[in-house]
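Everything on this sheet refers to the single structure shown next.
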Amino acid sequence: MTAKAPGKWLITLSVMLPTMIEVLDTSVANVALEHIQGSLSAGQDEVTWVLTSYLVANAVVIPMSGWLSRMMGRKRYLVASVALFTLSSLLCGAATNLVQIILFRVMQGIGGGGLQPVSQAILLETFPAKQRGMAMAIFGLGVVMGPIFGPLVGGWITDTWSWRWIFYINLPFGVLAFYMCSAFVQDPPYLKRAKKGEEVDVLGLALLSVGIGCLQIVLDRGQQDDWFASTNITVMSIIAVFALSFLVWWELRHKNPVLDLRIFKSGSFSIGCVVMFLGFFAFFGSIVLLPMFLQGLMGYTALLAGLVLGPSGAVVFIFMPIAGKLTERIDARWILSFGLLLCSYSLYLMAGFNLNIDFFSAALPRAIQGAAMPFFFVALSYLTFAYVKNNQMNNASALYNLLRNLGGSFGTAFVTTLLARRAQYHQNILTEHMTPLNPIYQLRLSEIQQALTAKLGPLSDHLEEARAFLYQELMKEANALAFNDAFYIQCLIFLCLVGGVWFMKKPPIKVDEE
């Protein structure tokens, strides 16, 4: 389907408005957790379910979105999703206890889960084949900028008004999106609909829900519960592996599967999904790491950390349309390789951070990463869907977005675990040098003692205070080295992905519009 220019942009605005709100809501509540905890009298461990419940429901619905579009009709499913997301946002803001807000966040996740893959499928079909890069540039503005601006927007709203407004703010946008999707989005004639009396893949639905749900809980709470030291995490991991393994076997044999995995026979689509999974694995990991480094070790305020992170959003906004336009003139594999190399370089710079870096040294790698992500995301999406026919787009988009979200979840779980393990490792190595037999340590200890004596008086030798101060400094250095390790591993991931790009087929001049 190729719409006329005015219709094309109205459809684009209609589907991108709810998508951007939904992506923001995946991270906007993170900074408001303490406020929610105090307001609803919840425990610290309990309140994290406000985040987990949304992510689990979201992750379960994303892969189902193609099937749900076929069962309900894509327009009807999109409008219903926007309505549920908007209504549940209102209920989240009005919640009076923890059980209510968790229940409403599940509803919000169910409503929001289908918005990303359905919007992507509609955009890919709406734009001519040659302009699909520009379509993905528009889609990327919502997907990539959401995690960047979510915490900033959430923090500003919470501090200015209250945590309830991070949900209430969705209402006017949700109502507008409901109207626009109802008015401007139509189901194309080639879109397959479920036939009357068609057998529903009940077992596939159950396996998908249980497998993805358990996996998302494991990833979100694993580090907090010490992974397999926790019985709950171990049991859910076993259930997830069994359910998802059986799901693959079952879906490949079912006549009308919830997930049509046969699309992975396309080499370019399969490689693109792997690159997307690993790319967002590294990208989301760095999004988590940098604020932790700046605020936890460098002593930055939330505002200063935001000033380091904020410019990358502006850079993304500038380069997204440029990357989209370049796909019309240059082999997208070159654009993707450039984006991956630039991502790798930005993380290489972050891997060189120390506790004495200035503001510019912290902001520059983030800005470079902001310039790199449009070339990575747009070119990869363009290449991945280049040989996907329009009548397969819903299913392909659902799988692609599932792997993108899982990549982010795996990446976040990986870096938080790696930080804890590597900090312990570096602490053990550095502690070996804190011995009376080390003259450098003894000299530094003496200098601190003298400084404390000059400041606090000679009534004590201040030896214990000096040792405690040095140990605190050692812990900061150990943590800083752990951050360096994590950034370096992410740098290598992006670097290794460059080779995989050239196994993808060159985009055709004309894509089959069937």
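Everything numeric here is computed off the predicted structure, so don't read it as measured data.
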Below 4.5 Å, heavy atoms only, C-beta onward: do [X] and [Y] meet side chain to side chain?
X: R74; Y: V185; answer: no
X: Q490; Y: M350; answer: no
X: L347; Y: P365; answer: no
X: L495; Y: Y348; answer: no
X: N170; Y: T86; answer: no
X: I212; Y: L244; answer: yes
X: L481; Y: R422; answer: no
X: F385; Y: Y400; answer: yes

Problem - Verdict with supporting geometry, F353 and F483, ring pair (Phe, Tyr, Trp, His ring centres under 6.0 Å) - result: CA-CA 8 Å; F353 282 172; F483 275 98; 9.4 Å; no

Looking at [atom1] of [X] and [atom2] of [Y], how far apart are the two atoms once the value is rounded to the nearest 0.5 Å?
X: I102; Y: Q108; atom1: CD1; atom2: CD; answer: 13.5 Å
X: S266; Y: K389; atom1: OG; atom2: NZ; answer: 11.0 Å
X: F375; Y: I322; atom1: CZ; atom2: CD1; answer: 6.5 Å
X: M276; Y: L402; atom1: CE; atom2: CG; answer: 12.5 Å
X: Y345; Y: I368; atom1: OH; atom2: CD1; answer: 5.5 Å
X: L115; Y: M16; atom1: CG; atom2: CE; answer: 10.5 Å

Whether the side chain of [X] engages the backbone of [Y] through a donor-acceptor N/O pair (distance < 3.5 Å, no angle test) should be reported.
X: S344; Y: L340; value: no
X: S119; Y: Q116; value: no
X: K75; Y: S182; value: yes
X: R105; Y: S88; value: no
X: T327; Y: G324; value: yes
X: Y168; Y: G93; value: yes
X: N395; Y: D260; value: yes
X: S268; Y: K505; value: yes

Looking only at heavy atoms, what is the nearest atom pair of [X] and [Y], with distance?
X: S14; Y: F184; result: OG-CD1, 3.5 Å
X: V315; Y: A367; result: CG1-O, 3.7 Å
X: L123; Y: M136; result: CB-CE, 4.4 Å
X: C181; Y: L78; result: SG-CD2, 3.8 Å
X: L124; Y: M393; result: CD1-SD, 3.6 Å
X: G500; Y: I271; result: O-CG2, 3.5 Å

Count the heavy atoms of every other residue, nucleotide or ligand shown that sit under 6.0 Å from [atom1] of [X], and state whether that count exceeds 12.
X: W502; atom1: CH2; result: yes
X: F503; atom1: CZ; result: no
X: Y179; atom1: OH; result: no

Exercise for the section: Determine, step by step, whether R70 and N394 satisfy the side chain to side chain contact (heavy atoms under 4.5 Å, CB included) criterion, reporting the C-alpha distance in whole Å, the side-chain angles of both residues, the deciding distance to 0.1 Å, and the verdict. Expected result: CA-CA 9 Å; R70 193 168 63 85; N394 281 331; over 6 Å; no

Exercise for the section: Verify the distance criterion only: is there a donor paired with an acceptor across the side chains of Q120 and S397 at less than 3.5 Å? Expected result: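 Distance-only check passes for Q120 and S397.
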
Practice task
Go through the side-chain N and O atoms of Y77 and S65 and say whether any donor and acceptor fall under 3.5 Å apart.
Solution key: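 No, no side-chain donor-acceptor pair sits under 3.5 Å.
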
Exercise for the section: Apply side chain to side chain donor-acceptor pair (under 3.5 Å) to Q216 and N405, showing your working. Expected result: CA-CA 10 Å; Q216 188 64 52; N405 275 28; over 6 Å; no

Exercise for the section: Quick one: do H426 and E477 satisfy side chain to side chain contact (heavy atoms under 4.5 Å, CB included)? Show the steps, please. Expected result: CA-CA 8 Å; H426 287 298; E477 289 292 343; over 6 Å; no

Handout entry: Audit row: F283, F376, ring pair (Phe, Tyr, Trp, His ring centres under 6.0 Å) steps and yes/no
Key = CA-CA 11 Å; F283 173 59; F376 163 69; 7.8 Å; no

Exercise for the section: Could you please spell out the steps behind the side chain to side chain contact (heavy atoms under 4.5 Å, CB included) verdict for V50 and W163? Expected result: CA-CA 12 Å; V50 172; W163 65 266; over 6 Å; no

Practice task
Give the intermediate values and the outcome of side chain to side chain contact (heavy atoms under 4.5 Å, CB included) for residues V118 and S69.
Solution key: CA-CA 8 Å; V118 170; S69 295; 3.7 Å; yes

